[in-house]
Every structure is written in C-alpha cells, then in structure tokens.
Amino acid sequence: MSYDVVVIGGGHAGVEAAMASSRLGASVALVTHAISGIGKMPCNPAIGGLGKGQLVREIDVLGGWMGRAIDATGIQFRILNKRKGPAVQSPRAQADKDKYQKYMEDLITSTSGITVIEADVVELTVEKSQFKAVVLDNGDIVTSSAAILCSGTFLGGLMHTGAVKSDGGREGAPASLSLSGSLKDIGFELFRLKTGTPPRLLATSIDYDKIEAQPGDQPPQPFSFLTGDFNPKQIDCYITRSNDQTQEIISSNIETSPLFSGIINGQGPRYCPSIEDKVVRFPDRSSHNVFLEPEGIDSEEVYVNGLSTSLSSEVQQKFIRSVPGLEDAQISRYGYAVEYDSIPSWQVADNLETNLVSGLFCAGQILGTSGYEEAAAQGLVAGVNAVKKLNNEAPLILKRDEAYIGVLIDDLVTKEISEPYRMFTSRAEHRLSLRCDNAETRLYSIANDLQLHNSEDLALLNERAELPGKIINYIEKNNYSDSVMLKQPNVTIESLGLAEEIKMAIEPKLHPRSIIDSFYQAENDIKYRGYIDRQRRQLVKQQHLDFLELPENLNYMTLEALSFEAREKLQKVKPATLGQASRLDGVRQSDLAVLSVIISRAKKADLE
Amino acid sequence: MSSFDTNDTIVAVATPAGVGGIAVVRVSGLRALEIVSRLTGVEWKRETESHKAKLQKLYSESEAIIDEALVLPMLGTSSYTGEDTIEFFCHGGNVVAENVVSACVSFGARPATAGEFTRRAFLNGKLSLDQSEAVVDLIHAETSLAASAALGQLRGGTKKEILQIEQPLLSLLSELEGGLEFLEEEHPEMPRNQLAEKISAALKKINDLLLLAETGKSVRDGVNVVLVGAPNCGKSSLFNALLSDDRAIVDSSAGTTRDVISEAIIIDGLKFILHDTAGVRATNEGVEQKGIKRTHKTVADADIVLLLKSQDTEPVEVNTSSPTIVVGTKNDIASVECEIKTSSLEKSGIKKLKSEMLLVARRDDVEKMLRMGLFLNERHRHKLQSSQASLSDLKTQILDNKIGDDIVATLLASTLTELGEISGRVYTETLLEDVFSKFCVGK
Ligand SMILES: Cc1cc2nc3c(=O)[nH]c(=O)nc-3n(C[C@H](O)[C@H](O)[C@H](O)COP(=O)(O)OP(=O)(O)OC[C@H]3O[C@@H](n4cnc5c(N)ncnc54)[C@H](O)[C@@H]3O)c2cc1C
Ligand SMILES: Nc1nc2c(ncn2[C@@H]2O[C@H](COP(=O)(O)OP(=O)(O)O)[C@@H](O)[C@H]2O)c(=O)[nH]1
Ligand SMILES: [Mg+2]
C-alpha cells in the first residue's frame, strides 16, 4: 500500500488534514482506530467560542470544513461578547454531536482521494531522517512520502476516575500504546499532559423549572460564508450555579481526586480547570456557573459545562445533586481525566513539519494544544504543507497579523508550552484587525492561491471579501460626512438610511445576510481604522524583526557570544526569523544583538 | 560594522585625555582573558583571578615592556558591561595608555566606539536605558547637584518611578485582557468610571514627573535668566553685581550693550546663565537694532526674565510667557515701586534678588528630585508627554462611552510601550543609536 500522504488519526485535526491534502491532489490514506470515531467530539458538544470562533471563521475562508459542518449540524447559535467590542466577539454553536460526527465521517468516506484504514499505527519508519512508512497493528505497512500525525489524546492515554485507572484515549476508545515508544526511538522528546471532561446527565432527570433557560440568537448567525438560507431548529441551554454545599462535598473528598493525591502527573490546562481545581484555587468563591448543554436534538444526554472532574463516581453523584435543578439528576457517564503523551511543539517548524524527520508533520492535541478548533486549524495547515513539500512549493505560513492561525502556529513554534495551549484573543497583538467579521477580506487572496475551495465557492468568497471595501468607497465618495458619522458608536449604515442606496449602486450578488455582514464589517473597518493605524505604527517597530531571516543550518551551540540558555533554546527551536527568536523565552536582548550581526554577515556573504 | 556587534572584544582609554597621572584602559569581551594573558605574558584563569588587582609588567607584541600597571580583571557577568572586563591602571598618562590600547588591538581587540561599553551594559541587562543616560549625565555634570542627580538616576531612581506608573497600568491591562476572555454573562465590562479613575491616577503621577522633568532640565542645562529694561536702567551694572565681577561694559551713553552677553553663576548649587541684553527702545542705529532683535529672541528662550526699572528711565514692557521678576535699580538714588529694590553701586538687594530667582527656578523641587533619584531629560520628557496625551485621550473616549474594552486594552498597551521606552524595556535600534551617540569613547 502506498500513498502520497498518510494521516494518522481521524479527529478534528486529521479530518482537515486529509481533506486539504486530498483537495490538493494527493492520494491520502487516513489511518484511524474507528470510522465511527471520525470527527468525534469527546468533550464539549460545541464549536467556536471566544478566540476559537475566529479560528473557525478562518478555517472556513481558507477552505476547511469545520464551519460548514457546524452550520449543518448545530442546534444553537450565539454571538458571544456582543458588548465588549467587535474585535473580541465570537460565534459559538452547540452541536448535535452525533450528527456532527456523521457529517465528518460522510465527508471523508465520500471523498474519492481518501482511503480510510481502520487500524492502530504502532510504528513510524524513518530512514536517514526521511519519513518512509507507518506500521499498523496487524503488521501491514503503509508507505508514503509524507505523514501527518494527528493522534490527539491517544498516545499512552491513561484515564482516571477517582482511584480507578484504565488505558484509553478517551471513553470507549483504546489508547495507542506503542507509538510513543517509536517516537522516542526516533529521538523525539515527549511530555505528559492531562485534560478532563464532566459527567453527562440524563436529560429526563433534570428539573428545568428551577433553572434559567438560555436561548440561541434570533436570527442565528452561521459560521460559513457558503451557508445560504439559515433556519436551524434551535434548542435552549440552561444555566445554574454550584453552591456552598457543592464546595463542601468536594473539599471534604478532595483526597479521592487523582489530581491532588499525586496519581496524575500530566500538566492540565489552567484556564479550563476541573471543579476540584476551582474549589482548591478559589476557596472563597463558593459558587461557579454551570451550563447544561444538550448533546443533540434527540439526545438523551446533557453535558454539564463547568463541572469537569476526575473525582470518584460516588463523589460525582453526590456533588452533582447539590446543584439546583440537578437534585434528582442521573449520571449517564461519569467525568474523567485523561493523561497522554504529546510532542513539545518546539520540535516542529512553522510549516508544522518536524525538525527531526523530513516529511513528518504534526497537528492537533499531539502538539500540546487543546480544543477542536485549534486542532482543525493545524490540521488544515499541515495537510496543505505536506503536499506543498511533495510538490516543492513554498509552504503556507500565515503571519501573526494575518490570522489567528498564524498566531497559533507561531506561538507553538516559539513558546515553551507547559500546559495545553488554548487560543485567547489576547494572544493576538493584532486583535483589532483579526476580527471574525473580516475573515473573508483578510484571507481571500491566500484562499485563491491555495485553491482548496472550488471555483464557484471562490467566486462567492471574492464577492463577499471585496464588498466591504466597495461599500466604504461608495460612502466616502458620495456621502463623505456619513463616513465621519460612522466613526461614532451606535451609528450604522442602516441608521443613516444608506443601506438601500448602497445596494442599488453596487448590486452585490450575495445572499442578503452576507450583505448585512458586509455592512457590519464596513462599519467596523471605519470605526477601527484610526486605532488600527496607530497600533500598526507601533508594531512596525518590532515587526521588522520578522523579516530578518536566520540562516537555516546555523549551529547555535558554537556561538559563544550567545548566553548558554539562548544557545540551547535556539538550537532546539531553530527559529526562522529574528522575530521568532525574540519571542523565545530565555533569549535576551544581547542574544538578539548577536543574531542580528550574524544575519547582516550572512547577507554580506550573499552579496559577495 | 554594526554597533550591535557584541562578538568582538573592545578596548579604549577610559580616563579623559591629558589629565592625571594614571590612565585607565578598559578591555571588554569574549577574548579579554586571552588578551590579558598575552599582554602580561602569564596565564590568567577565570576561576581564580576575578576581582583581584595585581601589579604586572605589560608587553607589546614585539615583547618590549610598555608599562608596569595594576591589572584588575572583572570576569563573568559581574562587571560593568556584563561580560569579561579587564582594567589596566597605567602610569605616565596618555602615551603609555595608547600603547596599551595598541597592544590590545594587536592581540585581537578592536578600538571601542563612543558609548560602546555602556551600550553593552544595556544590552546585557546590566543597566536600563535611563541608567545608561545617567552615565552620560555624570560625565558631563558641571555642578555637584547635576552629579548627584545623575547618580540617583544611575542607582535606578527613574526606573523605579516609571515602574510605579507602569505597574498599575499593567495590572489594569491584564485585568481587561482577562475580562475579554470571559463571557460577558460571567464577567461584565469594567465600569467606565472605575476605568477612568485608574487612568487618572496614572495621569497624576505622570504630571508630577513632568514637573520634575522641568527641574531636571534646570539642573542639567542651567536656568536662563534674561535682563531686560530701558537703556541705561542699569542692566549691565546689575549683571556685573550678580556676577560680582566687572564683565559687561558699563557706560552712561544709552545703548552701549549691543550684543547679548552671557555668563553663568552658581547659586545654591544651581547654575544660572545670565544674559545681558541691549536696551529696549526705538532706535535708528543699525547695529543697535540688531541688538534689540537679539534681545527679543533671548527673551523668548528665557526661563526667567528680570524686568529692570529705574526712576531715571522710561519703564518698558516685555511680551513674555516666562516668569518675570520686576527689579528696581539704582535704589541709592531713588526708589522704584516694586518688591525687589537693588543698588548695583551699593550692592544692596542682590541677595534678595538671588533668593527670588531660586524660588522662581523651583530650587525646592531639586531636593525632591534628588530624593527620588530622578534626572529626567528631554527624551524622557517627550515620552512622558506623549504618554500623557494618549492617556488623557483614552480617558475622554472612555467617559464618552465611545470605545469597548477591546480598544481600551489596545490603547493602553501602546501607552505602555511608550513608557517602556524610557527605561529601555522596549527599544529599537534607532533609539539606541540616538542615546549612545551622546557618549564619548571609553564609556
Ligand atoms: C476527556 C477529554 C476532555 C477534553 N476536554 C477538553 C476541554 O475541556 N476543552 C477543550 O478545548 N478540549 C478538550 N478536549 C480536547 C479535544 O477533544 C481535542 O482538543 C480535540 O479533539 C483534538 O483533536 P485532535 O484531532 O488533535 O485529536 P482527537 O480528536 O483526539 O483525535 C485523535 C484521533 O486519532 C486516532 N488515533 C490516535 N492514535 C492513533 C494511532 N496510533 N493509530 C490510528 N489512529 C489513532 C483516534 O482514534 C482519534 O480518532 C478534551 C478531550 C478529551 C478526550
Ligand atoms: N547710582 C547708581 N547708578 C547706577 C546704578 N546702576 C547703574 N548706574 C548707572 O546708570 C548708567 C547706565 O548703566 P548701565 O548698567 O550701563 O545700564 P544699561 O544700559 O541698562 O546696561 C551708568 O552710568 C551707571 O553707572 C546704581 O545702582 N546706582
Ligand atoms: Mg548695557
């Protein structure tokens, strides 16, 4: 069996990776444990959210599938943080978890260039630092020119509920126990991370009369620019709160927690803490929000957002019932934590290829991130870059001022990540220009180069991407004073009575909702312009560093002028530019000075 | 060659040219240890030799004896530059020192450029930018006040004050940023007045510093005092009386002083630069007219204007925004209606005038400035002013409810960048070029 690209793992990263490689003409094998596990959501039945919604919008524009999938299978759509400013607003949707999974499964199995193989990859074959093949548990060997490792939480996966431990990548799925050893043999450094999930409750056992309903937005806003008429059936989520009693039950049983008894070694995400974490870290705050999220339109099960836990099943049963509305709740599945091996991400370059093995790419949770959206974004980039590498073409590298995806990957490559990495808007220094509303305009020319979308979809994308610019032009030409007015908060194109006039003049061939979206983007562009310019001017000072490329095969260990810490760090990470080097922990100003000299020398040598 | 080049080992004479019996030569960089070994003909070891001075014969490349000098190695990061540094205390002044420099160069060092030692100290994190600037100030200090002020800044006074502005803004920023990562249901926007209050607090501190920046300028550059008044009202005489030295020409025919004459005096540690000017009156004489024009220009640059009046001349008016002290002259002949009455002839009222000048120059603030270890310069003042402008603009926009926390956070971050340039927490190559170009070689 031989393919251009083999993708290991059919999670959120693997799906996008396989689709992207295949769209670019590669023959793809997707090796994963179970076809029925493709695109599965092991935790929260939701897509998007603060910082993550931006990622999904970008994935959609570039030609990925996450946005289209959630639009087709979502059961509640909301825009979060409407009051805090457009730059930090994000769409979020509850998914019908099974339908979402099925959508992705059908997508993969109906794509002719992708062959799905149900198996466990036990070994990678590498010759002279070049990737060669994967070995499956049944002994089969699949050879390929490139591989993308998207194994998620499965490598050395160990699940915990109280003192009970079992091997597994997630509930109901076996761990992958051999591959870690193979990676270590090749020379990769691995480290242990941990994540957790809350219990699921039977929907019929919840007393909804006691708690507050949280409806979706009306009208709902889809993620994808390709989605036309949008009228999903939406259902309510509910919000309740933990209390003193919850606090008391947890703190008096804290010793049954594998997290605090020292059984779990893996580092968990600080920003997504388990309830026992919250109780220990914020002893004075006895009440925490609990969101009850249905896992599907017809699902029996409800996800208890906010009460992630790995306490013993008896304790889980007890503290759940202390929460208003959950007095008689029945747990259908217990919460648990999972520990797994991941590859510290400094071991990959900014095309997501490993420094150690040519042709081996990584994406998703295996690189230390957490979240479906983060995984999907990397999957898309790795899928594209694997094929670019085979075709000897320049890789897709998004810059920090172009996309959250650029921020994500640059962070992965340059930062020492010591806990699961989640996207935040504050990670993006260009946040004001990296908004959800302008994703099309920011990325359409890159999408046109990439050609992941078919030509019909690209035409639609271009129309949508260019419309806000046309709107602004029109207003500035015909009603200049209105463009000044639009800088004021709460003044909109609609409130100035300009909408009809503009539509008549420009005649956009777009869905009415896309036109409204474009108005909104044009308004934000006008309102933010001054601030963005100001910020650009400041950032330019630092940015020139990003254009200074460091020689590729520099042996940092021999550069005695560098501090020892920097030498080690640079040798490990091999940053592509001086800007990346400047963002590494442990690299000091004086080290940058030395590096800038090296660059200028290299340039001089080039000229001579 | 980039002045960023910290790969080389640099050498220079560190003491001023042509003074004193001992000249100090300083070598800094990776090869300092190797160079001292070759220069002395004995092996110097990192483990045993640091911070112990030894008397050693120094040899040139051709093995001729240059000098017998005290050699002080400071190895590792605990030197001024933060890298291996050797200092040679040479006899016999500059010729010998220059020979030592040449020998070092022949053993692989390169002559340092101006300010390069201090620049390395900055790049190696030994000094902040404002501390590096204090080094220049210290070199150029003309009064002991200026020297103490520079020392205070070198000890980190300014850095500390800036930090006190930055710190609350930084925690405000992280609070805002944190809030942005939460749902508004759980973490609503910070109340606008609370936000504005925190910004006001920072603004107040910046204001205080800006006042002291004025004082810093007086201490560093001196206070410009301009004497104006009608011809023959006694300007030149008072100028001389203040200097207690016959400097300007005194003549009873009106219009003798045609050019501006300047002299500096030090009162209570503070430097005052007195400018004697041509009298202010209508005249046809070309030279004198030029003098009068010069007077107006000098008045425009004045920190303090002394407006002189005597009974035997017509009073004149000056158009100035600078603080003005009205001084009555020739009090021995006839008294003028004003607070300060002087007689240059009898040397009376001069002391009172001097204390008034100290008062107007805010001499009291100098103590405050010294206590705080502040010695702000034009660059600091400029950064403080633009931070002040952007913060008050931000405050207005917040109170007008014009912007969301996403923009507030961005604007706050950019102000912090600006403030960070004072201590050099944030810097660019041009900024460094600017700061270090004011240095002399050897520092
Ligand atoms: C218990 C739990 C709690 C979580 N909690 C959160 C949370 O609170 N917040 C959050 O943002 N995210 C959470 N996540 C993470 C989220 O599920 C992942 O970030 C996301 O699914 C990662 O996508 P991925 O594609 O990298 O890997 P996964 O979705 O894990 O997919 C990996 C796929 O690879 C396959 N596979 C693995 N190894 C092999 C092999 N050797 N051979 C063949 N196939 C293989 C698996 O079968 C699986 O299909 C949690 C995950 C789990 C399991
Ligand atoms: N009696 C007396 N004569 C003075 C005094 N100051 C200046 N004069 C005289 O006034 C005349 C003009 O003085 P001068 O200082 O040249 O005035 P200017 O033109 O303002 O500079 C000279 O003849 C001085 O001797 C003073 O304090 N007492
Ligand atoms: Mg005169």
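These numbers were taken from a predicted model, which means no experiment stands behind them. Proteins come first, then strands; the chains are lettered A, B, ... in the order of their sequence lines, and each starts at number 1.
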**Request:** Answer with side chain, backbone, both or neither: which region of Lys82(A) has an atom nearer than 4.5 Å to a non-hydrogen atom of chain B?
**Result:** both
**Prompt:** Given a strict heavy-atom distance threshold of 4.5 Å, which part of Asp400(B) is in contact with chain A: side chain, backbone, both, or neither?
**Reply:** neither
**Asked** Quick one: what part of Leu411(B) sits under 4.5 Å from any heavy atom of chain A, side chain, backbone, both or neither?
**Response** side chain
**Message:** I'd like to know whether NZ of Lys395(B) has more than 12 heavy-atom contacts from other residues, nucleotides or ligands below 6.0 angstrom.
**Reply:** no
**Prompt:** Can you tell me if NE2 on His382(B) sees more than 12 non-hydrogen neighbours from other groups inside 6.0 Å?
**Reply:** no
**Message:** Between Arg435(A) and Asp406(B), does any NZ, NE, NH1 or NH2 come within less than 4.0 Å of an OD or OE carboxylate oxygen?
**Reply:** no
**Message:** As an exercise: rank Asn490(A), Leu559(A), Val88(A), Ile532(A) by heavy-atom pairs under 4.5 Å with chain B and give me the winner.
**Reply:** Val88(A)
**Request:** Check whether any side-chain heavy atom of Leu180(B) sits under 4.5 Å from a side-chain heavy atom of Arg431(A), and report yes or no.
**Result:** yes
